[in-house]
Each structure stands twice: as C-alpha cells, then as structure tokens.
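Quantities reported herein were computed from a predicted structural model and do not represent experimental measurements.
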Amino acid sequence: MDDSDDADDLALMARVARGDEAAYRLLSRRHVPAMLGLARRILGNAADAEDVVQEAMLRVWTHAPRWEPLAAFRTWLTRIVVNLCLDRKRKAPWVDLEAAGEIADPTPNAGDEAERNERDRLVDQAIAQLPDRQRTAIVLTYGEGMSNAEVAEVMGTTVSAVETLLVRGKQGLRRALGDTTDEG
C-alpha cells in the first residue's frame with residue numbers, strides 16, 4: 001500500500017465518520033481480504049477469522065467518529081484484528097488441526113499436493129504451538145510482510161522486542177520442525 005492509499009483511507013474514514021455507507025463498503029472491500037488472511041493464520045480457523053474480522057469492521061463503523069489518524073488506517077485495523085485474535089485465543093480452547101482431517105485432492109499431482117499440504121500443516125501446527133506474542137510476530141512479519149517497525153506499532157511494543165520475539169519464535173519453529181525439515 002502506498003501513501004496515496006493511506007490518504008484515500010483517511011478520506012474514506014472521514015466519510016465513514018459522517019455515516020457514509022458507500023465509503024464504509026469501499027474501505028471494507030479494500031482491507032477485509034487481507035485481514036481475513038491474517039486472522040486465519042493467527043487463529044488457524046476460517047470461521048473464527050470471519051467472526052473476528054466482522055467484529056473489527058463493526059468497530060471501524062462505530063468508532064469512526066472518534067477515530068484520530070495517529071497511524072495509518074491499515075496499521076490501526078491490523079492492531080484491532082490482532083488484539084481480537086489474541087483475545088479469542090485466550091478464551092477458546094485450542095482445537096487440534098488433526099481433528100479437521102484432510103480432503104482428498106482429485107488433481108493429477110495429488111501426491112505432490114498432499115506432500116505440500118502435509119508440510120504446510122506441520123508448519124501451521126508448529127506456529128500454533130508458539131506463545132501468542134511470538135506467533136503474532138511471526139505471522140505479521142512473514143505472513144503479512146510487515147516491517148519490524150510496523151509489527152512493533154501493531155503489537156504496541158519496541159522494534160527490539162519484536163526482534164527478540166522473532167528470534168525466539170524461529171528457534172521454537174526449528175525445534176518443532178527439526179526432524180521434518182531434514183527430509184526435504
């Protein structure tokens with residue numbers, strides 16, 4: 001997202017603050033897909049991710065009149081989504097990914113696809129086992145492509161704390177995946 005998108009978001013939020021539903025729909029179309037992806041990676045559950053993003057967008061609508069652009073809109077919305085995800089993770093018991101089962105792939109390269117899916121599942125499972133703040137730093141940095149400064153702003157911490165979370169998170173992933181990464 002470039003500076004003109006930030007300016008557009010600011011203008012849209014000003015219109016949303018005045019109750020402009022068309023501006024709200026445009027802002028939603030622009031940001032909801034990325035927020036759904038982020039929430040799915042943090043929560044590991046598509047239905048919970050949809051609930052979280054719906055709640056976040058409701059907060060955008062209700063808080064728009066009081067919103068002050070201290071940060072880019074995307075950063076503010078990302079922070080809302082991350083906080084809602086972490087709240088949900090604290091409240092709900094973790095459901096093991098094994099319980100979801102796998103769907104058979106009818107494509108000709110089903111073996112390769114199954115192998116990739118298994119690797120992705122192991123990585124997702126290892127990420128899910130990380131402590132909440134390490135998992136959030138890993139997802140925002142490597143899943144969302146955010147800089148350490150952006151992650152620090154979203155998480156309400158310092159860049160050096162984010163770097164520490166990333167180092168510890170990667171160490172945890174290496175320990176969890178050590179046996180599986182040697183295979184390929």
Side-chain angles (χ1 to χ4, degrees), residues 1-92 94 120 123-124 127-128 130-170 173:
M1 180 171 284
D2 62 26
D3 290 340
S4 64
D5 289 333
D6 289 339
D8 289 346
D9 287 345
L10 290 175
L12 288 172
M13 275 300 286
R15 289 173 47 199
V16 170
R18 295 188 300 267
D20 185 335
E21 292 180 19
Y24 178 75
R25 282 192 298 272
L26 184 57
L27 206 55
S28 295
R29 275 196 303 269
R30 182 179 290 176
H31 294 284
V32 163
M35 294 301 116
L36 277 172
L38 170 64
R40 265 194 304 267
R41 283 188 290 281
I42 292 173
L43 295 170
N45 180 304
D48 286 347
E50 288 180 18
D51 290 346
V52 161
V53 172
Q54 185 176 21
E55 173 66 25
M57 293 309 297
L58 179 62
R59 288 184 185 194
V60 167
W61 177 258
T62 57
H63 295 336
R66 293 174 291 175
W67 183 67
E68 295 179 24
L70 301 175
F73 173 79
R74 182 175 184 262
T75 301
W76 178 64
L77 180 58
T78 301
R79 187 174 194 150
I80 292 171
V81 170
V82 166
N83 287 339
L84 288 171
C85 286
L86 294 177
D87 287 348
R88 183 162 292 229
K89 293 285 294 178
R90 280 186 219 113
K91 291 177 187 170
W94 178 254
D120 290 349
V123 170
D124 288 346
I127 290 172
L130 293 173
D132 288 344
R133 292 182 59 79
Q134 290 176 20
R135 181 179 49 253
T136 300
I138 292 282
V139 167
L140 291 175
T141 301
Y142 300 107
E144 296 300 310
M146 297 176 87
S147 69
N148 289 357
E150 291 170 320
V151 173
E153 187 174 347
V154 167
M155 295 181 70
T157 190
T158 64
V159 170
S160 64
V162 168
E163 291 168 349
T164 300
L165 289 168
L166 290 172
V167 167
R168 291 181 181 161
K170 288 190 279 188
L173 291 175

Calculate, to the nearest 0.5 Å, the distance between atoms [atom1] and [atom2] belonging to [X] and [Y] respectively.
X	Y	atom1	atom2	answer
Asp20	Leu12	CG	CG	8.5 Å
Arg133	Thr164	CZ	OG1	11.0 Å
Leu77	Asp9	CG	CG	9.0 Å
Met35	Leu84	CE	CG	12.0 Å
Leu43	Leu86	CG	CG	8.5 Å
Ile80	Met57	CD1	CE	9.0 Å

On a heavy-atom basis, which atom in [X] and which in [Y] lie closest, and how many Å separate them?
X	Y	answer
Thr62	Arg66	O-NH2, 3.8 Å
Pro33	Ser28	CD-O, 4.1 Å
Ala39	Val81	CB-CG1, 4.1 Å
Ala64	Ala17	O-CB, 3.5 Å
Ala137	Leu165	CB-CB, 3.9 Å

Does any part of the side chain of [Y], heavy atoms only, come nearer than 4.5 Å to the side chain of [X], both counted from C-beta?
X	Y	value
Trp76	Met13	yes
Arg79	Thr75	no
Lys170	Ile138	yes
Val60	His31	no

> According to the ring pair (Phe, Tyr, Trp, His ring centres under 6.0 Å) rule, which pairs have a member within residues 36-61, sequence neighbours left out?
Replying inline: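 Of all non-adjacent pairs touching residues 36-61, those that pass ring pair (Phe, Tyr, Trp, His ring centres under 6.0 Å) are Tyr24-Trp61.
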
>> With side chain to side chain contact (heavy atoms under 4.5 Å, CB included) as the test, pick out the partner of Ile42 among Val82, Asp48, Asp132.
In response: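 The residue from Val82, Asp48, Asp132 that satisfies side chain to side chain contact (heavy atoms under 4.5 Å, CB included) with Ile42 turns out to be Val82.
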
Scan the side chains in residues 149-160 for donor-acceptor partners under 3.5 Å anywhere in the protein, sequence neighbours excluded, and list what turns up.
| residue | atom | partner | partner atom | Å |
| --- | --- | --- | --- | --- |
| Glu150 | OE1 | Ser147 | N | 2.8 |
| Glu150 | OE1 | Ser147 | OG | 3.4 |
| Thr158 | OG1 | Ser160 | OG | 3.3 |
| Thr158 | OG1 | Ala161 | N | 3.0 |

> Between Arg40 and Ala46, is there a donor-acceptor pair closer than 3.5 Å when you use the side chain of the first and the backbone of the second?
Replying inline: no

>> Please evaluate residues Phe73 and Leu27 with respect to the criterion side chain to side chain contact (heavy atoms under 4.5 Å, CB included), reporting the C-alpha separation (whole Å), side-chain torsions for both, the decisive distance (0.1 Å), and the verdict.
In response: CA-CA 10 Å; Phe73 173 79; Leu27 206 55; 3.6 Å; yes

